Number of protein chains: 2
Amino acid sequence: MRAHPRTHRQDAPDARQPVGGALASAPPPAAVPAASPVRTPAACAAPRFQPLYRQIKTAILQGIESGEWSAGEMIPSEMDLARRFSVSQGTVRKAVEALAAENMLARRQGKGTYVSSHREARAQFRFLRLRPDEGPATQPSSRILDCRRSRAPADVARALSIRTGESVLFIRRLLAFEETPVVLDDIWLAGEEFRQLTAERLANHSGQLYAVIESELGTKMIRASEKLRAVCASEGQADALGVEHGSPLLLVERVTSTFNGLPVELRRGLCRTDRHHYVNEL
Amino acid sequence: MRAHPRTHRQDAPDARQPVGGALASAPPPAAVPAASPVRTPAACAAPRFQPLYRQIKTAILQGIESGEWSAGEMIPSEMDLARRFSVSQGTVRKAVEALAAENMLARRQGKGTYVSSHREARAQFRFLRLRPDEGPATQPSSRILDCRRSRAPADVARALSIRTGESVLFIRRLLAFEETPVVLDDIWLAGEEFRQLTAERLANHSGQLYAVIESELGTKMIRASEKLRAVCASEGQADALGVEHGSPLLLVERVTSTFNGLPVELRRGLCRTDRHHYVNEL
DNA sequence: AAGTGGTCTAGACCACTTT
DNA sequence: AAGTGGTCTAGACCACTTC
């Protein structure tokens, strides 16, 4: 940490330790996730200087990504972080508030700031946009129809930024709301870590795939980008969902990424929308 | 303005003038708030005390809603607002930042803070989620097929929170991307002000209905809630969109509201999704 | 040069949770 | 009582825009 936006900070007024491990002497301060003092205001314009609070935001993010603070755990208090990074509490606060606004952290007055998790109740519906036309939103149950390693077809590989034929984990499942099959999901997961997943480990998790992946693999899905279309049900799809061949279905194609923005999941969900709908707020 | 969160502010420590035109005597300490002193910490729990910055946020919102500052215009500087409300600049900043995060205001360094408008280029795609499968996002052209006053059917009335049979403006239009018809919109608008709209006034606006409404009627659409479904094209719909009868179409049902959250528009859009798709970020 | 938003600091007190 | 986040203040300097 330490360093200037572009030049923003003033260096004269206070006698701050300008460099690297900055606070090496102080008692409580531990080691910052990283350091690399980017101080030279001029000359190096390549990495684009950032305001202090942005640098701290990045540092906290790295702390989460590296596992120093994992999902559901509390991160150090604002005062601790301020001491660790040698900035004021207000600057830390600004970084933390930005991360909270992005759903990365959750603040709880009087308790602390926590790394958000897919296991939390409030996170359940962020990635599940299907709602019954009537009645309250509910969690679906999941039935795994297939789960195996496979080679990525060209279109899947393109979406996941990998090479065609590379090894991926393929999952096909059926989500049912109140005993009625509603979604037929085809899921491709790119990455070594997913090899450990099996149909058995996925069973009995009521469709909360991201919570399972987070808990068992430590991989956290951060954001997703979806494309929606209306399509006709093929024979097999119609059978699985209990509709007539040719019925209109909502196709939801999702590409999900973790930190760093690299895509790790491609999902194609076919949804019956006769008694459910997809919700969105603009 | 004036008043405390729940009790938040301290009233003893400094000799603050608790009421009205406050500041006048003390040099630096100035005074707090300015208006209706809602100070009693206890006893009155009904209106739910709000933090100062929230009250100021509401006050600014009212300024926009009342037309004191209209879409596209600049609001007073942070310092001016701070003086007006008798709070510190930082408190005003927090209110303004919150409004900017909600797309109500747009801040421009060195220039000022502006009331956001549907006329801005950056706002164009917030309510238009349809994108071509290939190529860059483009604005559609609009052809008005129908535009007349009518009585609200039961389902429309329910969505708009009005009584069945009440007078509404009905618009049917066809949106075309690159000369190809893609969306068939049925739109119902509730409110006296919409009586002034005619097919002529809507023509030649390339489908930017909200920009027209904002400019000509002063009504600003703030947020919308959508429900998506896949349906089959009826004969008439198929003809209008140039697809075969029975083709799958994406039905987007949108309820849009202005300030205060009261719904003013119900829209049902039927979209061909063979060469376009609906995008969403989670 | 003046005015605007953008960043940062330092310190105060309040409200909530836990010990 | 101690610790955490939540609100508020006052003042500094930086960066951008306009005059």
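This is a predicted model, so every value here is computed, not measured. Letters A, B, ... mirror the listed sequences (proteins, then strands); counts begin at 1.
With a 4.5 Å cut-off on side-chain heavy atoms, Met104(B) and Ile222(B) count as touching.
Within the 4.0 Å cut-off from OP1 or OP2 of dG3(C), not a single side-chain nitrogen or oxygen of Ser77(B) is found. Dashed line: the shortest gap from a side-chain N or O of Thr113(A) to OP1 or OP2 of dT4(D) is not under 4.0 Å. For the pair Lys94(B) and dT7(D), the criterion of a side-chain N or O lying under 4.0 Å from OP1 or OP2 is met. Distances shown here put every side-chain N or O of Lys111(A) at or beyond 4.0 Å from the OP1 or OP2 atom of dC16(C). Regarding contacts with the backbone of dT9(C), a side-chain N or O of Thr91(A) is found under 4.0 angstrom from either OP1 or OP2.
One can place CG of Leu81(A) at 14 Å from P of dT9(C), the figure rounded to the nearest angstrom. As a whole-Å value, the separation of Arg108(B) CZ from dG6(C) P is 12 Å. Remark: C1' of dC13(C) and CD of Gln89(A) are 12 Å apart, rounded to the nearest angstrom. Spacing between atom CG of Leu105(A) and atom P of dT4(D) amounts to 16 Å, rounded to whole angstrom units. Lys57(B) places its NZ atom 15 Å from the C1' atom of dG6(D), with the value rounded to the nearest Å. One atom, CD of Gln50(A), and another, P of dA15(D), lie 15 Å apart when rounded to the nearest Å. Rounded to whole Å, the distance from CD on Glu97(B) to P on dT7(D) is 13 Å. One interatomic measurement links the two molecules: CE of Met79(B) to C1' of dG6(C), which rounds to 15 Å at whole-angstrom precision.
For Tyr53(B), counting side-chain heavy atoms from C-beta on, the closest listed nucleotide (dT7(D), dT4(D), dT4(C)) is dT7(D). Residue Gln109(A) places its side chain closer to dG5(D) than to any other of dC8(D), dG5(D), dC8(C).
Taking the charged nitrogens against the carboxylate oxygens, Lys220(B) and Glu214(B) have no contact shorter than 4.0 Å, which rules out a salt bridge. A salt bridge links Glu68(A) with Arg84(A): the distance from a Lys NZ or Arg NE/NH1/NH2 to an Asp or Glu carboxylate oxygen falls below 4.0 Å.
Note that the OG atom of Ser215(B) and the CZ atom of Arg119(B) stand 4.0 Å from one another [nearest 0.5 Å].
A tilted orientation is assigned to the rings of His118(B) and Phe127(B), their planes being inclined by 30° to 60°.
The strand DNA chain C forms stems, runs of 3 or more Watson-Crick or G-U wobble pairs with distances below 3.5 Å, at C:1-18 with D:1-18.
Counted by atom type alone, Gln124(B) and Tyr210(B) present zero donor-acceptor pairs between their side chains at under 3.5 Å.
Every side chain to side chain contact (heavy atoms under 4.5 Å, CB included) that Ala137(A) has, sequence neighbours left out, goes to Phe125(A), Arg131(A).
Taking 3.5 Å as the limit, the base of dG6(D) and the side chain of Arg93(A) contain a donor-acceptor pair of atoms between them.
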